[in-house]
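Working notes for the structure below.
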Amino acid sequence: MIEERDSHNFIEQIIVDDLAAGFSSDKLRFRFPPEPNGYLHIGHAASICLNFGLGEMYNAPVNLRFDDTNPAKEEQEYVDAIKNDIQWLGFQWATECYSSDYFQQLYDWAIQLIKDGKAYVDGQSADVMASQKGTPSTPGVAGPFRGASVDENLALFARMKAGEFEQGSYVLRAKIDMASPNMLMRDPILYRIVKRAHHRTGNDWCIYPMYDWTHGESDYIEQISHSLCTLEFKMHRELYDWFLDQLYDPALLRPKQREFARRNLSYTVMSKRKLLELVEGKTVTGWDDPRMPTISGLRRRGYTPDSIRKFSDLSGISKRDSVTDVSLLEYCIREDLNKSATRVMAVLDPVKLVITNYPSGKTEMLEAENNPEDPNSGTHELPFSGELYIEREDFKEDAGNKFFRLTLGNEVRLKSAYIIKGESVVKDASGNITEIHCTADLESRSGSGTEASTRKVKGTLHWVSIQHAIKAEVREYDRLFLDEAPDSHEEKSFMQFINPESLKVIKEAYMEPFLKDASLSDKFQFQRLGYFTLDKDSTSENLVFNKTVGLRDSWAKQNPAPSPQANQPKPQNNQGGGLPQGQRSALNEIQKIAKKYTNLSGEKLAGARADIAKLAEEVSYEELEPLFQTAAKKVGTRIGAMIALSVLLNKGQDRNSEIEAFISAGLADENEELVNEAKGIKN
RNA sequence: UGGCUUAUGGUGUAACUGGCAACACGUCUGAUUUUGGUUCAGAAGAGUCCAGGUUCGAGCCCUGGUAAGCCAACCA
């Protein structure tokens, strides 16, 4: 499929440029390099979609490479979860690689570096080495080990590898430049001693290579053409290139690193460390808690691979820090599920509805559409009877005319069933409604084809038959944090912003019996409520549904709901809001034209001047006056205001001090046009 | 007090070699609707961080500022 695309993100542009400069497209090769020390999250999805997307676009291989150089933090569990998530997203890697597969090669190259006098063993403490390193604004100094001979270094390094030294006692460092403005170039560590079993190499090694030494060389070994990573590695690029310089064979492809901004999502955190803290602190139930921004959490919540890929696509790639609003993610999943989710009915907060004229004891099977968006989706059966549950908030004894739901004396449609009219309510001693009594128009059954069945009524309600309903648990989720960017506050921990009401469990919701056969992969729309999916905690006796996301709800927006949630709409500055529509647009037009006024000349200029003058006929002085305050730089706008002012004065507007001040400021301006307009008024 | 990077509607991204700042989300109208969903039609909202400069013309080029992010782990 050829994608219609006239603009590339800057990474794609780099590749386009490389190709144009003669780089052969069959040498294109990418990689996704996770460290197996945590679960993948929605931020990783950006990198996954970028790398694998590039692979698909150019039909180039994309390796999955586990960057497993730290046996203290990495585990097989994470390897399995990461592979599962990538496959679930629908991507196929060319080769499954591990940095640990290159340990021997890396070691051999390190020996070479020592022999070339480019690396040395340092036996100082971490503290001492840190102090010698200097600070970003002051250069570092050489330590006593820096001048050791090649033979001494070779011997020491061999003993490190042989396990003769304690963990932490010696390191191998590159010998670069202790005075470099780039701290990473001040003799970075290549190897450290870690006496710990590795998930793949076991106890074969007790020295492990560091990230910088490993990553670029792994790219080189795999002949990755474009090594894409996030911005915080920008500084590492100099080191990446330095290492390559030491061992690069010109006959082979030389990888290059490029950096893009990591993606943040509003109202959540996105670092593995913080996510781990949520898991270990039991704030959530696990990495796949449906409130987590992990791929596995989103999957359990009911998100689809398509929705996540769409989200990555819409979010784009750039080099600036940003926080993408969750509403975009929600849009993506709604859009996907709207097309595919099976429509069913469930009542979360029930109140009993009795249809007094429906034959007592009678039940009938109705037909319900599976998905009105998909004509081929078919129907399913739905039992109806004279005693139903409806949503408590769908009834009000007396309500304004904007309430489209059930009230006393009003008609509404029961979805896929009959039109009913509210007649009376039954209340308990404390005044709570326990039953609503209504009558049905028995001719109005949906799909019956009668005239009554096609009558228009204002509202439609979802319902379940009490006798036939199945009970199930429903879990509703809200954002995990109350702050838009919980980890952006220097003085406060992100944990202080935890939303205490991020999980709401409804132990007994009532659902149509169709749902008893639901499976984990099914996606449902509970009509009028939102999208739901079965949770893995479900058993055949106790079904558990997760709410993926609610439907858009323009009714809820109108009602300033007393909800304590963090959904407060941000105030938007709506300038000029108090002014009549027509006049505002005339002034706006003037501003628009005037903005570019100084760019014009000749006929165009004359035309613009005439347009402004004409529009000014519809502008009042009160509207115009604020423009007198326009910054001196915005000459065009001031000229426009001057022209408009002249029109108003001709119409009989009295001169006041503001007007005089504006005119004299115009006369004193450097811009000739402005001076001319001001002169024109002066007379 | 050093270095690197970034700065475009509320949010996220576009704008080719300088040429009327575009798209999506969100917001607001209206129509349609057996989901207050969907769909459809429309609107509001940005002088492109600031100050200068070059140019007929600057978001883009030049100079100088400002702000934000990253950089001193034997983490990746």
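Sequence lines set the chain letters: A, B, ... in the order given, protein chains first and strands last, and positions in each chain run from 1.
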Show each protein N/O and nucleotides 22-25 of chain B N/O combination with a separation under 3.5 Å, one pair to a line.
residue : atom : partner  : partner atom : Å
B/C25   : O2'  : A/Ser327 : OG           : 3.3

Any N or O donor-acceptor pair under 3.5 Å from the base of B/G36 to the side chain of A/Arg405?
yes
Between B/U38 and A/Arg334, is there an OP1 or OP2 to side-chain N/O distance shorter than 4.0 Å?
no
Have a look at A/Ser453 and say if it touches a base, only the backbone sugar-phosphate, or nothing, with a 4.0 Å heavy-atom cut-off.
base
In dot-bracket form, how is RNA chain B paired, counting a Watson-Crick or G-U wobble pair only if both its distances are under 3.5 Å and using | for bases paired to another strand?
.((((((..((((.....[..)))).(((((.......))))).....(((((..]....))))))))))).....
A/Arg237 side chain N/O closer than 4.0 Å to the phosphate oxygens (OP1, OP2) of B/U5?
no
Side-chain donor/acceptor of A/Arg413 to base of B/U34, under 3.5 Å
yes
In short, salt bridge (Lys or Arg N to Asp or Glu O under 4.0 Å) pairs touching residues 120-132 of chain A with sequence neighbours left out are A/Asp122-A/Arg173
Under 4.0 Å, heavy atoms only, any strand: does A/Gly447 hit a base, just the sugar-phosphate, or nothing?
base
Enumerate all atom pairs, one protein N or O and one N or O from nucleotides 1-4 of chain B, separated by less than 3.5 Å.
residue : atom : partner  : partner atom : Å
B/G2    : N3   : A/Pro136 : O            : 2.9

Using only heavy-atom distances, decide whether a donor-acceptor pair under 3.5 angstrom links the side-chain of A/Glu259 to the base of B/U5.
no
Select base, sugar-phosphate, or nothing to describe what A/Glu35 touches, counting heavy atoms under 4.0 Å on all strands.
sugar-phosphate
Across all chains, not counting sequence neighbours, the side-chain contact (heavy atoms from CB on, under 4.5 Å) partners of A/Arg445 are A/Glu364, A/Leu366, A/Tyr418, A/Ser448
Test side chain to side chain donor-acceptor pair (under 3.5 Å) applied to A/Arg186 - qualifying residues, sequence neighbours left out:
none
